[in-house]
Amino acid sequence: MSLLQIRDLTKKIGSKVIVDQVTLNMEKGEILGLLGPNGAGKTTTIRMIVGLMSKSGGQVLINGTDTQAHFEQAMKQVGVIVENPDLYKYLSGYDNLIHFSRMTPGVTEARIREVVALVSLEHNINDKVATYSLGMRQRLGLAVVLVHKPSLLVLDEPTNGLDPAGIRELRGHLKHLAGQEGVGILISSHLMSEMEQMCDRVAIIQKGKLVGIHKISDMADDQRSKVSFEVDRPDLAVQVLQTIMSGNEITTDHRHIQIHVDKDQIPEITRMLMAAGINIFGVHTFRQSLEDKFIEITGGEYH
């Protein structure tokens with residue numbers, strides 16, 4: 001059974017369709033990213049998943065429990081942070097944890113200490129939250145939503161306002177939670193480079209529709225790359241490539257020739273260019289990034 005199952009999730013406001021029959025599954029220990037242009041429906045999707053917004057149609061199951069039929073039972077398995085966590089700044093980090101843990105029966109002192117260690121706040125947990133950096137507050141927010149041992153974390157733009165060090169720190173904690181604790185993490189962000197480093201898969205949403213789901217590892221292992229050859233005779237190099245690579249788009253930029261080919265074709269292309277009397281000064285490969293894939297799928301629409 002999948003940790004999270006979303007079936008035909010739909011949100012309409014009047015005649016406008018905000019989210020249009022989104023269907024996807026998510027597994028235990030997986031980090032799944034929701035990526036899309038502003039206004040694509042990412043936050044609306046997340047709010048419907050966790051019950052902060054009503055659905056116009058569709059179904060959400062968490063560990064097989066329908067969130068509409070058994071809302072409280074389903075939500076006991078979920079931890080949610082929407083942007084920056086709401087904390088009591090005049091209380092210490094520890095007192096915040098005590099306060100929020102009382103909302104869930106059965107949270108022990110040992111569990112509180114465990115999550116404090118999990119987010120590396122042992123040395124600051126007794127300080128007032130008002131003295132915390134934004135990154136420390138994000139980590140305390142993680143501790144708050146982890147005390148009841150959720151199997152699913154849902155995070156909407158959790159890196160907003162964080163500096164690069166804070167983003168890296170948060171990424172490390174989330175990857176540990178997924179990899180070592182088996183927590184599934186659904187995360188939305190507009191930072192594509194960060195999603196590429198953090199997620200196992202990304203689901204791309206455009207105009208309310210799910211337009212693609214991609215495994216990051218598949219993108220890294222893709223054998224087809226953009227290759228740039230730096231040569232002394234670009235005109236002749238184009239003629240040679242057009243002969244041996246018929247149908248492939250070839251572009252030129254001064255002394256650089258770019259073409260998309262399989263990696264195992266590069267040595268043969270190099271030999272044929274040299275055989276034609278063309279000097280090659282450099283060969284550079286460029287793996288398709290998540291941003292490239294996003295632009296390819298959405299046509300470059302981001303705003």
Are the side chains of [Y] and [X] in contact, using a 4.5 Å heavy-atom criterion?
X	Y	value
L4	L61	no
L140	I125	yes
D95	V129	no

Cut-off 3.5 Å, no hydrogens considered: what does the side-chain donor-acceptor table look like for residues 68-82, sequence neighbours left out?
unit_1: Q68; atom_1: OE1; unit_2: K55; atom_2: NZ; d: 3.2
unit_1: Q77; atom_1: OE1; unit_2: N63; atom_2: ND2; d: 2.7
unit_1: Q77; atom_1: NE2; unit_2: Q73; atom_2: O; d: 3.3

(request) Identify whether L24 and V17 are in the same connected component of the hydrophobic contact network (ILVMFWY, side-chain heavy atoms under 4.5 Å). (result) no
(request) List the atom of D8, the atom of T23, and the distance in Å for their closest heavy-atom pair. (result) N-OG1, 2.8 Å
Using a distance-only test with no angle check, is there a side-chain donor-acceptor pair under 3.5 angstrom linking [X] and [Y]?
X	Y	result
S2	E27	yes
D156	T43	yes
Q59	D66	yes
N96	R137	no

(message) How about CZ on R168, more than 12 heavy atoms from neighbouring residues, nucleotides or ligands closer than 6.0 Å, or not?
(response) no
Is the backbone of [Y] close enough, under 3.5 Å, to the side chain of [X] for a donor and an acceptor to pair up by distance?
X	Y	answer
D253	H256	no
Y132	N124	yes
T131	D127	no
K215	D200	no
S228	H284	no
R139	S120	yes
Q138	P158	yes
K12	S56	no

(request) Could you go through the side chain to side chain contact (heavy atoms under 4.5 Å, CB included) check for I18 and K16 one step at a time? (result) CA-CA 6 Å; I18 310 299; K16 187 174 183 181; 3.9 Å; yes
(message) What verdict does the side chain to side chain contact (heavy atoms under 4.5 Å, CB included) test give for L241 and I250, after you've listed the backbone C-alpha separation in whole Å, the side-chain angles of each residue and the deciding distance to 0.1 Å?
(response) CA-CA 8 Å; L241 289 173; I250 302 167; 3.6 Å; yes
(message) Using the rule given for side chain to side chain contact (heavy atoms under 4.5 Å, CB included), can you reason through Q242 versus V238, listing the C-alpha separation, both sets of side-chain angles and the distance that settles it, and then say yes or no?
(response) CA-CA 6 Å; Q242 286 174 336; V238 169; 3.6 Å; yes
(request) Before giving the answer on side chain to side chain contact (heavy atoms under 4.5 Å, CB included), spell out for I280 and M274 the whole-Å C-alpha distance, their side-chain angles and the decisive distance to 0.1 Å. (result) CA-CA 7 Å; I280 300 174; M274 293 177 67; 3.8 Å; yes
(request) Mind jotting down which residue pairs meet the salt bridge (charged side-chain N to carboxylate O under 4.0 Å, His left out) criterion with at least one end in residues 170-180? Sequence neighbours excluded, please. (result) R171-E194
Output all residues satisfying side-chain contact (heavy atoms from CB on, under 4.5 Å) with [X], sequence neighbours left out; order by chain, then residue number.
X	result
F281	E230, D232, R255, N279
Q180	H176
L134	N84, L162

(message) So, taking the atom named CD1 in I244 and the one named CD in Q265, what distance separates them when rounded to the nearest 0.5 Å?
(response) 8.5 Å
(request) Hey, could you give me each pair passing side chain to side chain donor-acceptor pair (under 3.5 Å) that has a residue in residues 99-113? Not counting sequence neighbours. (result) Y94-E109, E109-R113, R111-E114
